[in-house]
Amino acid sequence: MKNNEEKKNNLKNELRPNQLDEKQKKSLGNRLLYGFILVGTAIPAYVLGGWFFFAYSILFLFIAIYEVTKVPFQKFPVVLFIINIIIVCSLVFWPTLKFLLLPTKSAEALNINSVFPFVNDGFYSEVWLSPIAIAFALGVYFTISVFKKDFSIMNVCYFFTMALLLGIGFQCILGVRYLPFRAFNLLDGSNEYIQTSFFKYFHSVFFVAIAIGGIVLTDVGAYIFGIFFGKHKLNSRISPNKTVEGFVGGICTSFVVTFTVCMIAANFGKPLLPIYSIENWYLILILCLGIPFVSTLGDFAFSAIKRFFGIKDFSHILGSMGGIMDRIDSIIFGMMFVLIFTTFVSNIAGNIYYF
């Protein structure tokens, strides 16, 4: 009888929401404030697209490079920051420069929507890193380690890895935003999906909105379920604040919302992309389920990096939310999954228009 009472009490404690202390309440309020600021600046950039989104991405990229550069050092030489800018930008924007150097119509060259995904002999690739840029990055970082005694091999591996992650990640972020212009032939307006100029404008945002929305909902859901119901640690070695309840809550929140929206849109003949039609509902399911899992992996990957260097956040530019890298870690991994998975299933289906 006593054991039954103890089990009931334990079950009640498990289901009872956590009581927030003053620090947690302040952190929640801070996150909401900065969250609204980020959303308020991000939505116009994402909706307007074109060069507006391009410039917005560059701003975040430069801040991310600064945060990445200062992690191993209390004080770092400005020249290292400049070197990292050159290396990362060469990885991100080399496809753009290569495209602009190709013999093409000037009007198309000035249309950023025609550049991403990368154009290569008439085909479109989800991501492309220049072997020259990669070799240059390795050479530079190893040269620094030879002549600068406090720049160890660990630093070489760290900066090279972060350069690749930022290079691939931001290419995929740009690619997801501009991919619908190729997939729906929005560049010339010759597509049955597009009836008016407004819908053409709107439909280019739908794909990236679902991708970003799924990633953000994972983070928000995990945080809310974690602080109110989190009682079991998920991986205290890497991220001591993350809980099993938060993890499950984030996955479910993201999947339910994005899958429902995508299925409703596809059912009315307005899919994310032609490949994500109502007939291919299983692809929508995999996409919407994969986004929260992979974005959570990105969160853990960057948490492991921070744990290695003994820091909590990459910076404090966003108060208790940390820095830009702390907010885009899951976005980098999530967008890589979205673009690579979309390209893979499109190739299988034979839709090589955005290969």
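Counting begins at 1 with the first residue of the sequence. All heavy atoms count here, side chains included; hydrogens, waters and symmetry mates do not.
- Follow the hydrophobic side-chain contacts under 4.5 Å out from Y282 and you reach L272 in the same cluster.
- Closest heavy-atom contact between I210 and C262: CG2-SG, 3.7 Å.
- In this structure the side chain of L80 reaches within 4.5 angstrom of the side chain of P77, judged on heavy atoms.
- Once rounded to the nearest 0.5 Å, the distance linking CZ of F81 with CD1 of I65 reads 6.5 Å.
- I328 contributes atom CD1, which lies 11.0 Å from atom CD1 of I215 (distance to the nearest 0.5 angstrom).
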Should F151 and F159 be marked as a ring-ring contact (aromatic ring centres under 6.0 Å, His included) after you check the CA-CA gap, both sets of side-chain angles, and the distance that decides it? CA-CA 11 Å; F151 197 90; F159 281 112; 5.6 Å; yes
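- In this structure, I58 CD1 and L174 CG are separated by 8.0 Å, a value rounded to the nearest 0.5 Å.
- In this pair, Y276 and F341 present their aromatic rings parallel. The plane angle is below 30°, not in the 30 to 60° band.
- V205 and F268 end up in different hydrophobic clusters when Ile, Leu, Val, Met, Phe, Trp and Tyr side chains are linked at under 4.5 Å.
- Considering every non-hydrogen atom in both V156 and S145, the closest pair reads CG2-CB, 3.7 Å.
- For F309, the CZ atom is densely surrounded, since the number of other residues' heavy atoms within 6.0 Å is greater than 12.
- At a threshold of 4.0 Å, the pair D329-R327 does not count as salt-bridged, since none of the basic side-chain nitrogens sits closer than that to a carboxylate oxygen.
- In this structure, V338 is a member of the same hydrophobic cluster as I286, with clusters built from ILVMFWY side-chain heavy atoms closer than 4.5 Å.
- Nearest heavy atoms, G226 versus T243: CA-OG1, 3.7 Å.
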For a side chain to side chain donor-acceptor pair (under 3.5 Å) check, start with the C-alpha distance between S254 and T218, then their side-chain angles and the critical distance, and finish with the verdict. CA-CA 5 Å; S254 175; T218 303; 3.3 Å; yes
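- Between I238 and A304, the shortest heavy-atom contact is CG2-N, 3.6 Å.
- The closest donor-acceptor contact from the side chain of T253 to the backbone of G250 lies at 3.5 Å or more, if one exists at all.
- Looking at V68 and L166, their side chains come closer than 4.5 Å, going by heavy atoms from C-beta outward.
- Residues Y158 and F308 place their aromatic rings such that the two centres sit no closer than 6.0 Å.
- Hydrophobic clustering of Ile, Leu, Val, Met, Phe, Trp and Tyr side chains at less than 4.5 Å, counting indirect connections, keeps I87 apart from I132.
- Here the closest heavy-atom approach between residue A266 and residue I284 is recorded as CB-CD1, 4.2 Å.
- Side-chain contact between I278 and M263 is present, with at least one heavy-atom pair separated by less than 4.5 Å.
- The two residues A133 and L91 make their nearest non-hydrogen contact at CB-CD2, 3.7 Å.
- Contact annotation: the side chain of V248 never approaches that of F225 to less than 4.5 Å [non-hydrogen atoms, C-beta and beyond].
- The side-chain heavy atoms of F255 and C288, taken from C-beta on, include a pair separated by under 4.5 Å.
- In summary, the aromatic rings of F93 and F54 are positioned with their centroids under 6.0 Å apart.
- A cation-pi geometry, defined here as NZ or CZ lying under 6.0 Å from the six-membered ring centre and within 45° of its normal, does not hold between K242 and F247.
- At a threshold of 4.5 Å between non-hydrogen side-chain atoms, the residues L283 and I275 count as touching.
- With respect to the salt-bridge test (charged N to carboxylate O, under 4.0 angstrom), the residues K306 and D326 qualify.
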Using the rule given for side chain to side chain contact (heavy atoms under 4.5 Å, CB included), can you reason through V71 versus M325, listing the C-alpha separation, both sets of side-chain angles and the distance that settles it, and then say yes or no? CA-CA 11 Å; V71 164; M325 280 299 300; over 6 Å; no
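- Listed by first then second residue, pairs satisfying side chain to side chain donor-acceptor pair (under 3.5 Å) with a partner in residues 60-70 read E67-S315, T69-N84, not counting sequence neighbours.
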Under the ring-ring contact (aromatic ring centres under 6.0 Å, His included) rule, what do F60 and Y56 come out as? Steps first, then yes or no, please. CA-CA 7 Å; F60 272 73; Y56 185 77; 4.7 Å; yes
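- Note that CD of Q171 is 11.5 Å distant from CE of M336, once rounded to the nearest 0.5 Å.
- Residues F337 and F293 fail the side-chain proximity criterion, which asks for heavy atoms closer than 4.5 Å.
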Residue pair T258, I291: steps toward the side chain to side chain contact (heavy atoms under 4.5 Å, CB included) verdict: CA-CA 10 Å; T258 55; I291 289 174; 5.8 Å; no
Please step through side chain to side chain contact (heavy atoms under 4.5 Å, CB included) for the pair V294 and M335, ending with a clear verdict. CA-CA 9 Å; V294 178; M335 297 296 253; over 6 Å; no
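- Under a hydrophobic clustering in which Ile, Leu, Val, Met, Phe, Trp and Tyr are joined whenever their side-chain heavy atoms come within less than 4.5 Å, directly or via other members, L138 and I83 fall into the same cluster.
- We find the CD1-CG distance between I144 and N155 to be 9.5 Å, quoted to the nearest 0.5 Å.
- The side-chain heavy atoms of C157 and I153, taken from C-beta on, include a pair separated by under 4.5 Å.
- Judged purely by atom type and a 3.5 angstrom limit, T342 has no side-chain atom pairing as donor or acceptor with the backbone of L339.
- Here CG of L287 is found 6.5 Å from CZ of F207. Values are rounded to the nearest 0.5 Å.
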